[in-house]
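The structure under discussion appears below in the form of structure tokens.
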There are 2 protein chains.
Amino acid sequence: MDLSERSREILRAIIQSYISTAEPVGSRTVTKRYNLGISPATVRNIMSDLEELGFLVQPHTSAGRVPTDKAYRFYIDTMLEIKSLPRQQEEEILNYPLHRGDFHQLMQETTKLLSALSHYTGIVMAPKPAETVYRHMEFVRLTGGRVLAIFVSNAGIVHNRMIILDEDLTQKELERISAFLNHEMAGKTLREMRNRVFQLMEDDKNKYTRLLMKFMKVWQDASYEGEVEAEAELFVGGLSEMFNIPDFKDYEKMKELFLAFEEKHMLLKLLDLAMDAEGVQVYIGSENKYFEMQGISLVVATYRGEGNVIGTLGVIGPSRMPYNTVIPLVDCTARVLGRLISER
Amino acid sequence: MDLSERSREILRAIIQSYISTAEPVGSRTVTKRYNLGISPATVRNIMSDLEELGFLVQPHTSAGRVPTDKAYRFYIDTMLEIKSLPRQQEEEILNYPLHRGDFHQLMQETTKLLSALSHYTGIVMAPKPAETVYRHMEFVRLTGGRVLAIFVSNAGIVHNRMIILDEDLTQKELERISAFLNHEMAGKTLREMRNRVFQLMEDDKNKYTRLLMKFMKVWQDASYEGEVEAEAELFVGGLSEMFNIPDFKDYEKMKELFLAFEEKHMLLKLLDLAMDAEGVQVYIGSENKYFEMQGISLVVATYRGEGNVIGTLGVIGPSRMPYNTVIPLVDCTARVLGRLISER
DNA sequence: TATTAGCACTCTATAGTATTGAGTGCTAAG
DNA sequence: CTTAGCACTCAATACTATAGAGTGCTAATA
């Protein structure tokens, strides 16, 4: 992208202006607010060029111009100066009462933190059962052959699954199975456990064979039904912030947005995708095929638990977002959450 | 309320008309759609009376009339003929795949079911930890003196709490505590357990005293912090249905509504209140002080688990709701959920 | 006395018109 | 290459006229 220094300056000015006012930017505004020693007419010429290059569009002929997704991408990649997080905001994150309650609450509170500080909507994707390393598992006998399998990770994340056997086991028997499986499976993810189950089922010299066979058969069925590969849980907080954003002052737009939020699959796919990359990532408008929506961007970061990347979190807002403050905010929150999980 | 038979007929006609069209009802409409052998002028006189009695209001002078909360209340109490649920809808409820997954998913899916069938927003209040009867508890040692306490109810509801001890216990020690407490506490609610803890702490002849003391001290603190008395979890599904309701076609109204949804306390208080009554209840508009909102009503029913009322569920929509179909729908869903929980 | 036809009146919603102002693109001069 | 100047475009706003739905009141009627 070979823009002249001056064109870049003007593009930056337009983007910054639009980010702070949400109003289409005219040539006069540029010269007045950012004195570049240049006349409106000149700016107009350059703006016209920038439009041709796909960085700007006009809502209508007699309006100023608005940055495109391409412009935001360019801005973020080549001219964004990320501030370090202001001391005060960092304090706020550190003092936010995240540490109370169980894992669910931790996730939920984190979305609220993200939302409160960004004034946008906060999202957190919880660790996926299939990829969580469990330290302990427990089988609790309920009535009617039903057994509740409870998995606990190092970080205190609890997942559970109902297992329905056609045979009623005593709690004692379950405890034997439980002891055996704990020994066999501790430190594994659900995915790894499933593989181990297949392995064990080959080996019929096992002394728990009959019970285990039953158990594992059911387990296998469960994973066939997609339970092991189940989607991660998605937490959303601060949805109502969306109503304060002038970009979304349109009823139909809002409806579309909320429908998308209710259909969590797409958002989860996107967040899952973000697991593969390092650091903070920004998805602008139509850049991603899973949550493609005019004028909406996501700022996403991965968070770690005991070393590994275990989930992602971030913020959803208008593409017209003050990235220089939101990015460090998301980054810091991800770190803090990671620390909390690891030292929980 | 001594209305003449004819006044009642007209009021009913107006309410039914408004429920189905969402348009203010004029005198001519009443005579045309419900032929009562009466002229518009007569209807006007009666409508004027009904307005004076507080059953109707006019949005403006030259508009028809709209039922007030008082009118809906009267309608529901004295002239609603509740249909039995159509066979087809009952089928739909019974066939809805609620039974998969864990308790959380069950709750979430139930909100979706309610929403899908009513075309409004579904809500389910999960059983409160403080009032859930637990069959089993388990303590899992994590790193750094942290212990995860896991409680399992008969129905397979799992709650967990992090307990932080300033002393590192081995899993063996925990198992001893766990065995003792399971023996001591099984079949109790969290609230009852707390009381029992106080009792046990008096008794220092107990052979587990030192560990238990530690443990219970922390437990006590936790309950002091309100963890035992924690609010029930609220599940909401089908929020976006709100966007399809003409009554809420206003941006500001919508914003207000979503803010109320995010502040779940109020809604929970109301649902909690509903636990005390039997059968299906309807809260119209300003009738309740916790989720008071112009034009919005709730249809709520309690559901049972193994005999006891353990939670509530329902539907939120415009006061202008076809109660004769929504009420049996909510009723049936509550029954089905109860059955699923009890036979889980 | 209760009902009803008739009519004037009220008020919203809709369409049409005029005006304003922001902003552009083009042209010609510097 | 830059810029002043100017005609042009278009959305937003305010104003006006009109149509239509519905009422309340009055006087006639059963």
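Letters go in sequence order (proteins before strands), and every chain restarts at 1. These numbers come from a predicted model, not from an experiment.
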I need the [atom1]-[atom2] distance between [X] and [N], as an integer number of Å.
{"X": "Asn45(B)", "N": "dG22(D)", "atom1": "CG", "atom2": "P", "answer": "17 Å"}
{"X": "Tyr18(A)", "N": "dG23(C)", "atom1": "OH", "atom2": "P", "answer": "14 Å"}
{"X": "Lys32(B)", "N": "dG22(D)", "atom1": "NZ", "atom2": "P", "answer": "9 Å"}
{"X": "Leu56(A)", "N": "dG23(C)", "atom1": "CG", "atom2": "P", "answer": "14 Å"}
{"X": "Leu50(B)", "N": "dG24(D)", "atom1": "CG", "atom2": "P", "answer": "12 Å"}
{"X": "Ile46(A)", "N": "dT2(D)", "atom1": "CD1", "atom2": "P", "answer": "7 Å"}
{"X": "Glu51(A)", "N": "dG23(C)", "atom1": "CD", "atom2": "P", "answer": "15 Å"}
{"X": "Leu36(A)", "N": "dT2(D)", "atom1": "CG", "atom2": "P", "answer": "13 Å"}

Original post:
Looking at Arg73(A) and Asp69(A), does any basic side-chain N land under 4.0 Å from a carboxylate oxygen?
Top reply: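 So Arg73(A) does not pair with Asp69(A) through a salt bridge.
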
**OP:** Salt-bridge test for Arg6(A) and Glu9(A): reply yes if a basic N is under 4.0 Å from a carboxylate O, no otherwise.
**Re:**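 Not counted as a salt bridge, because no side-chain N and carboxylate O are separated by less than 4.0 Å.
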
Original post:
Which sits closer to the 5' end of DNA chain C, Arg6(B) or Pro59(B), going by the nucleotide each is nearest to?
Top reply: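 Result of the comparison: Arg6(B).
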
**OP:** Could you check Ala41(B) against Arg28(A) and say which one's nearest nucleotide on DNA chain C is further toward the 5' end?
**Re:**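 Counting from the 5' end, the first nearest nucleotide belongs to Ala41(B).
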
Separation between [atom1] of [X] and [atom2] of [Y], rounded to the nearest 0.5 Å:
{"X": "Asn45(A)", "Y": "Ser39(A)", "atom1": "CG", "atom2": "OG", "result": "8.0 Å"}
{"X": "Lys249(A)", "Y": "Phe243(A)", "atom1": "NZ", "atom2": "CZ", "result": "9.0 Å"}
{"X": "Phe55(A)", "Y": "Leu11(A)", "atom1": "CZ", "atom2": "CG", "result": "6.5 Å"}

On the nucleotide [N], are OP1 or OP2 found under 4.0 Å from the side-chain N or O atoms that [X] carries?
{"X": "Thr42(B)", "N": "dT4(C)", "result": "yes"}
{"X": "Ser62(B)", "N": "dC11(C)", "result": "no"}
{"X": "Arg44(A)", "N": "dG5(D)", "result": "no"}

Original post:
So does Thr61(B) reach the base of dC11(C) with its side chain, donor to acceptor, closer than 3.5 Å?
Top reply: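 No pair found.
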
Nearest to the [X] side chain among [options], which nucleotide is it?
{"X": "His60(B)", "options": "dC11(C), dC10(D), dT4(C)", "answer": "dC11(C)"}
{"X": "Thr29(B)", "options": "dG24(D), dT24(C), dG22(D)", "answer": "dG22(D)"}
{"X": "Ile38(B)", "options": "dT3(D), dT9(D), dT4(C)", "answer": "dT4(C)"}

**OP:** Looking at every strand, decide which applies to Arg65(B) at a 4.0 Å heavy-atom threshold: base, sugar-phosphate, or nothing.
**Re:**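 Sugar-phosphate contact only.
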
